[in-house]
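From a predicted model like this one, the values you see are computed outputs, not experimental measurements. So you know, we letter chains A, B, ... as the sequences are listed, proteins then strands, and number each from 1. What's counted below: heavy atoms across the whole structure, side chains too, no hydrogens, waters or symmetry copies.
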Number of protein chains: 2
Amino acid sequence: MSVSERKVQERAAREELILGHARGFLLRRGFQDWNMEQLAGAVNYAKGTLYLHFESKEDLCLAVATRALRERADLFERASRFTGKTRERVRAIGFACCEFACSHPDYFKVELMLKSASFWERATETRRQAHQMEGARCFRLVHEVVKEGMRAGDLPHDRMTSESVAFALIAVTVGSHIMSLEPAMKLVAGIDDPIRTVRQNQDLMCDGLGWRPLLADWDYSATDARIRREIFPTATWCDPVATAG
Amino acid sequence: MSVSERKVQERAAREELILGHARGFLLRRGFQDWNMEQLAGAVNYAKGTLYLHFESKEDLCLAVATRALRERADLFERASRFTGKTRERVRAIGFACCEFACSHPDYFKVELMLKSASFWERATETRRQAHQMEGARCFRLVHEVVKEGMRAGDLPHDRMTSESVAFALIAVTVGSHIMSLEPAMKLVAGIDDPIRTVRQNQDLMCDGLGWRPLLADWDYSATDARIRREIFPTATWCDPVATAG
DNA sequence: TCCGATATTGACCAATGGTCAATATCGGGG
DNA sequence: CCCCGATATTGACCATTGGTCAATATCGGA
């Protein structure tokens, strides 16, 4: 390996190191309750060195978020290789989403941060695009299954566009995750298991869309077991039972 | 009017003035892109005066958000006085939510800000409670209609608790609003009218919940017209047609 | 008009994101 | 093994800004 190759690799390794620590800071303390000096201390480099990798604190945090979003898209991709009825396949993606949420607790809080304030515009154009690309990947993977559902005749295609259907599924999922974050809401709505709630709401939306077989007409707990066995054998959460009904 | 009474009134008026300008700043520039000095200048007072009313910038912004949330709850309350079938009544609340979203563009962005970072803990306990109270009011108003729907037999009550149903409706609504904020998402999902999309998704969720009469079995465009006429005659948005189907 | 009380102010402080001249390290050639 | 130019790293420094409080202005009653 040449010297310059090694340098590149070392640089990449350091970037990983920084991102890893920044992720911990972000998840544990949000955006405000830590500063670049502290992060520099944690990775044993000077503050200036951080700025050799990232243009601003926001830029760095966006990079953290994008890395997580890429993992999410990767899980979606794995899930979309699941075979079966189209509604089973979209269910696998829903499963992937929950798998992700479990292994990245509070990720949605970080994602919310991105949408707020002047965050976006303080990041590099490159990183903005990278984030959008991973987001688009997630959408596309859902969208593909929706289109298959329509082609197969499992899902009505005369009322809504496939894009609107994908959007509805994503909206109910994200909305459920976000609302579950709030302790007060969990209390007032009597939510003990947020993940279960998310999946239940996904089921309701699929039924509302008329995606067959409807919840009542199929043993989706068996589907879940198969998803777990075939796609996510190392799933970090436990909910082998059907989610609603 | 005594001197002290006048003082109190003047103080309240000034607080309103500050909150009004802060609202403009927040909606137009987010949280970061303005400072307390600028806000003080805008209302023609010194910075220190702002801190006679609010403990911190976050405290001030939370107060702005709570004022908006109160308006939202007020609209929900008006809407819940609508008469008709229970699904028509919950539809009126959905209508109110959209009416609110239209008259408070970008409100959800502000609401997101509250959930993120160390925002919450930098505000006064009093203001935190005020916000939670208005949030709980919104939930309760939806919950009441859900319970009525169950009592009336319009909505199955054996599968889900009334709280879970209310949560599902709120989650799909908030999720749709939030996802609609993102320009990239609007583009990729082909959303031209965000409000129409929100209402459509609410319809889908109600159908999924089995809330009768289902969308296909009732002329909800007539209901919308009646809601508009009886409850929101001055509605600031225009969508007199049915939203799905 | 004067005085004590109250209200308002803006200079000041501390914290922190971001910069860059100074310094340390590296690696190849002699 | 040493030396030197190139490159990498550093942390003192700067500007901004949220927040404080002693100094000042205003008020209202006697």
Side-chain angles (χ1 to χ4, degrees), chain A residues 1-18 21-22 25-26 29-64 113 116-124 127, chain B residues 1-19 21-22 25-26 29-64 113-114 116-124 127:
Chain A
M1 186 192 302
S2 78
V3 169
S4 70
E5 275 174 333
R6 200 200 64 210
K7 290 268 173 89
V8 166
Q9 203 169 349
E10 280 175 357
R11 190 188 154 84
R14 190 170 63 183
E15 192 151 314
E16 275 306 299
L17 181 73
I18 296 169
H21 279 262
F25 276 36
L26 258 180
R29 305 206 241 161
F31 179 70
Q32 301 248 34
D33 271 4
W34 55 277
N35 59 49
M36 296 296 271
E37 195 95 27
Q38 289 165 11
L39 178 59
V43 295
N44 274 98
Y45 282 98
K47 189 163 59 159
T49 306
L50 301 186
Y51 285 91
L52 297 175
H53 291 268
F54 307 98
E55 205 167 68
S56 65
K57 190 181 183 183
E58 284 86 353
D59 198 40
L60 178 129
C61 292
L62 178 58
V64 172
M113 191 184 63
S116 92
S118 48
F119 209 98
W120 202 247
E121 64 204 25
R122 293 189 196 201
T124 320
R127 274 189 233 283
Chain B
M1 184 191 306
S2 78
V3 169
S4 70
E5 277 175 333
R6 201 200 64 207
K7 289 269 173 90
V8 167
Q9 203 170 348
E10 280 175 357
R11 190 188 154 84
R14 190 170 64 180
E15 192 151 312
E16 275 304 300
L17 180 73
I18 297 170
L19 285 172
H21 279 262
F25 276 36
L26 258 181
R29 305 204 241 162
F31 179 70
Q32 302 249 30
D33 272 4
W34 55 276
N35 59 49
M36 297 296 271
E37 194 93 32
Q38 288 164 12
L39 178 59
V43 294
N44 273 98
Y45 282 98
K47 191 163 56 158
T49 306
L50 301 186
Y51 285 91
L52 297 175
H53 291 268
F54 307 98
E55 204 168 70
S56 66
K57 190 181 182 183
E58 284 85 355
D59 198 40
L60 168 73
C61 292
L62 178 58
V64 172
M113 191 183 63
L114 302 187
S116 92
S118 47
F119 210 97
W120 202 248
E121 63 204 25
R122 294 190 195 201
T124 320
R127 286 210 164 74

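Across all strands, B:Lys57 comes closer than 4.0 Å only to sugar-phosphate atoms, never to a base (heavy-atom distances). Residue A:Arg14 is classed as a sugar-phosphate contact, given heavy-atom separations below 4.0 Å to backbone atoms only.
We find that NZ of B:Lys7 is positioned 6 Å from C1' of D:dC27, with the value rounded to whole Å. Here the C1' atom of nucleotide D:dG19 and the CZ atom of B:Arg122 are 12 Å apart, to the nearest Å. Per the geometry, CE belonging to B:Met36 stands 11 Å off C1' belonging to D:dT17, to the nearest Å. One can place CD of B:Glu37 at 9 Å from P of D:dG18, the figure rounded to the nearest angstrom. The nearest whole Å value for the distance from the CG atom in B:Asp59 to the C1' atom in D:dG19 is 13 Å.
B:Leu60 is not listed as a side-chain neighbour of B:Glu55, based on a closest heavy-atom distance of 4.5 Å or more. A heavy-atom distance below 4.5 Å is not found between the side chains of A:Phe54 and A:Met36. In this structure the side chain of A:Ile18 never reaches within 4.5 angstrom of the side chain of A:Thr49, judged on heavy atoms.
Base-pair partner of C:dA15: D:dT16 (Watson-Crick or G-U wobble, both distances under 3.5 Å). With a 3.5 Å ceiling on both atom-pair distances, the Watson-Crick or G-U wobble partner of D:dA23 is C:dT8.
Toward the 5′ end of DNA chain C lies the nearest nucleotide of A:Trp34, the other residue of the pair A:Trp34 and A:Thr49 mapping further downstream.
The pair A:Arg6-A:Glu10 counts as a salt bridge, with a side-chain nitrogen and a carboxylate oxygen less than 4.0 angstrom apart.
For A:Asp33, the side-chain contact (heavy atoms from CB on, under 4.5 Å) criterion is met by A:Arg29, B:Ser118, B:Glu121, B:Arg122, not counting sequence neighbours.
Between the CG atom in B:Leu52 and the CD atom in B:Glu15 there is a gap of 10.5 Å [rounded to 0.5 Å].
Chain A approaches DNA chain C over the interval C:dT16 to C:dG28, counting the first and last nucleotide 5' to 3' with an atom under 4.0 Å from its heavy atoms.
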